[in-house]
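Encoded as structure tokens, the structure appears first; notes follow it.
Side chains included, hydrogens not; waters and symmetry mates left out as well; all remaining heavy atoms used.
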Amino acid sequence: ADRMLDMGFEPQIRKIVGQIRPDRQTCLWSATWPKEVQALARDFMKDSRGPIRINVGSLELTASSDIRQHVDVMSPADKYTKLIEILKSARDVVMKGGRILVFCQT
């Protein structure tokens, strides 16, 4: 839900939810719980209890000190070559059971 709000889909979300039969259950899933998502959830609740929030894991999550983050800013034309270079340089880490996570935007 938070990503849809970031992309400006709140009017469409409200329109869809407004057409749901009142006897149906509505579930909203969000990996995060920003104020905008909380407000949306409260608006959609039909009774005074407000949204029921279920947390999986700790609310006090912190990044592991073993994680190393690296950001490279470059032209789109250079991205593939740089990715291959990074993966080749990390080969030893992966062979020892380490993992690499690459985020890409499509």
Quick one, Leu40 and Glu10 - any side-chain contact, counting heavy atoms below 4.5 Å? yes
Hey, are Thr81 and Asp78 close enough side-chain-wise for a donor-acceptor pair under 3.5 Å? no
Treating Ser89 as the side-chain partner and Ile86 as the backbone partner, does any N or O pair qualify as donor plus acceptor under 3.5 Å? yes
Please determine if Asp43 and Arg14 form a salt bridge, counting it only when a charged side-chain N lies under 4.0 Å from a carboxylate O. yes
Which residue pairs pass the salt bridge (charged side-chain N to carboxylate O under 4.0 Å, His left out) test with at least one member in residues 21-30, sequence neighbours excluded? Arg21-Asp23
Shared hydrophobic cluster for Met7 and Val37 (ILVMFWY, side-chain gaps under 4.5 Å): yes
Connected via hydrophobic side-chain network under 4.5 Å: Leu83 and Val93: no
Applying side-chain contact (heavy atoms from CB on, under 4.5 Å) to Glu85 and Lys82, what does each step give before you reach the verdict? CA-CA 5 Å; Glu85 176 187 319; Lys82 184 64 175 180; 3.2 Å; yes
Would you say Ile100 has more than 12 foreign heavy atoms packed within less than 6.0 Å of its CD1? yes
Can you tell me if Met74 has over 12 outside heavy atoms packed within less than 6.0 Å of its CE? yes
